[in-house]
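In what follows, every chain begins at residue 1, and chains take the letters A, B, ... in the order their sequences are listed. Everything numeric here is computed off the predicted structure, so don't read it as measured data.
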There are 2 protein chains.
Amino acid sequence: MNIERRSTGSRRASAALVSRAERLCHDQNLRFTPMRRRVLAELAASPEPLTAYDLADRVREEKRVAPVTVYRALEFLLDAKLIHRIVIRNAYTACDHAPHHDATPVFLVCTRCGTVEEVPSEAFQRDLSETIAEAGFRPKSRVFEIEGECAKCHAAP
Amino acid sequence: MNIERRSTGSRRASAALVSRAERLCHDQNLRFTPMRRRVLAELAASPEPLTAYDLADRVREEKRVAPVTVYRALEFLLDAKLIHRIVIRNAYTACDHAPHHDATPVFLVCTRCGTVEEVPSEAFQRDLSETIAEAGFRPKSRVFEIEGECAKCHAAP
DNA sequence: AGATAAAATGATATAACATAACAGTCAACG
DNA sequence: CGTTGACTGTTATGTTATATCATTTTATCT
Ligand SMILES: [Zn+2]
Ligand SMILES: [Zn+2]
Ligand SMILES: [Zn+2]
Ligand SMILES: [Zn+2]
């Protein structure tokens, strides 16, 4: 099974990701405001997930902003499926899969460098879904997050 | 968080779980102190996961206790694999699988009644592990949590 | 354009979850 | 005994997230 990798290392992708988001919002009649753009750009430029307070600090360098404003932007971006929340980090990361796959991805979170890789999970979820269906459980949302050491860090000294 | 009445059944199960924990700690030369016993008993008696502050409130009814004391008990119980942390709830739940399975379980968290069901995930993890290994990622810990509606709630009006 | 309704943001406060730092207590062991 | 190490108490603070209401911006309709 092959794996799509998030190019977390490349900051050049940030501009592309933001303009893609802009098109996507325009097509869906969603308002891609300066604040939302700014928050997404910061996330897209960061190799690791950022907390709401991290984001507030970064945005604040050019304009005073309260955490709640960042939370509102994050909520919009989550709804638009432009970003993900990494629950085990209480942090947020841009999604560069477009259009977004349906199944909730699995996130591989490196304990050394902090990067997050997003892995599609269709195959696993098929099996899991059967088991869950047998239990009569109706899933609405899922969190699959794995902490460990990424390939790069493992190779490093 | 909300307070739910405990059934006689869960109290009985709670006692069994606590004495099992007592034996387990004795065998491993771990100190099963009154505070740890008390915290585990509260978790075992609760049909849904409890936060550290929920626990502090409950223990406080008989003895003044600070949140940090509860956190210390929780840390011990987590290390001893007697409880689990439900990350999407910032809450803790007793584990009644003894001895504990090796694979990280999948937790099914009901959005209506709040109960948590723990299901083994060997098959799921086998597939997942292969894919992850291909990416060179060395997993250390995992979170698999699914929110939805449990069978009981789905049947109810 | 001007009125108006809806959406977004600003500002302040507070809730909820978690850890740091240090002092006191208690049981085990030589 | 007295020392040691583990546990607990106490206070303070850090971190993440939400509530509330005022103000500004944007879209929509005369
Ligand atoms: Zn994605
Ligand atoms: Zn790494
Ligand atoms: Zn368990
Ligand atoms: Zn339910």
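Put simply, CD1 on A:Ile88 is 14 Å from P on C:dA18, counting in whole angstrom units. What separates CG of A:Leu55 from C1' of D:dT16 is a distance of 13 Å, to the nearest Å. Rounded to whole Å, the distance from CD on A:Glu75 to C1' on D:dA19 is 13 Å. Regarding B:Asp54, its CG atom lies at a distance of 10 Å from the P atom of C:dA16, rounded to whole Å. Atom P of nucleotide C:dT9 and atom CG of A:Leu74 are separated by 12 Å, given to the nearest angstrom. If you take CG of B:Leu50 and P of C:dC17, they are 11 Å apart, rounded to a whole angstrom. If you measure from atom CG of B:Asp79 to atom C1' of D:dA6, you get 14 Å, rounded to the nearest angstrom. Atom-to-atom, OH of B:Tyr71 to P of D:dT8 comes out at 17 Å; the value is rounded to the nearest Å.
Among the heavy atoms of the strands lying under 4.0 Å from B:Ala66 is at least one base atom, whether or not backbone atoms are also near.
The aromatic rings of A:Phe144 and B:Phe124 are tilted relative to each other, their planes meeting at an angle between 30° and 60°.
Within the structure, every side-chain polar atom (N or O) of A:Arg72 is placed at least 4.0 Å from both OP1 and OP2 of C:dA7. For C:dT9, neither phosphate oxygen OP1 nor OP2 lies less than 4.0 angstrom from any side-chain nitrogen or oxygen of A:Thr69. Between B:Arg85 and C:dA18, a side-chain N or O to OP1/OP2 separation shorter than 4.0 Å is present. In this structure, A:Asn90 reaches the D:dA17 phosphate: one of its side-chain N or O atoms is under 4.0 Å from OP1 or OP2.
Residue A:Tyr92 holds its OH atom at 6.5 Å from CG of A:Leu78, rounded to the nearest 0.5 Å.
Between B:Glu147 and B:Arg89 there is a salt bridge, since a side-chain N of the basic residue sits under 4.0 Å from a carboxylate O of the acidic one. Using a 4.0 Å cut-off between charged nitrogen and carboxylate oxygen, B:Glu122 and B:Arg126 do not count as a salt-bridge pair.
Looking at which nucleotide of DNA chain C each of A:Lys63 and B:Tyr53 is closest to, the 5′-most match is held by A:Lys63.
When the nucleotides C:dT19, C:dC17, D:dA17 are ranked by their closest atom to the side chain of A:Tyr92, D:dA17 comes out on top.
No more than 12 heavy-atom neighbours from other residues, nucleotides or ligands sit within 6.0 angstrom of NZ on B:Lys152.
For the pair B:Cys25 and B:Arg36, the minimum side-chain heavy-atom distance is 4.5 Å or more. Using a 4.5 Å heavy-atom threshold, the side chains of A:Val39 and A:Ile83 count as separate.
Of all the residues in residues 24-41 of chain A, A:Arg31 reach under 4.0 Å from DNA chain D with at least one non-hydrogen atom.
Each of B:Ile88, B:Val87, B:Val109, B:Ile146 was scored for a side chain to side chain contact (heavy atoms under 4.5 Å, CB included) with A:Val143, with one residue passing: B:Ile88.
At distances below 3.5 Å, not a single donor-acceptor pair connects side-chain atoms of B:Thr115 with backbone N or O atoms of B:Glu48.
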Show me the dot-bracket string of DNA chain C, counting Watson-Crick or G-U pairs under 3.5 Å, with | for pairs to another strand and [ ] for crossing ones. ||||||||||||||||||||||||||||||
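Between the side chains of B:Gln125 and B:Ser129, no donor N or O sits under 3.5 Å from an acceptor N or O.
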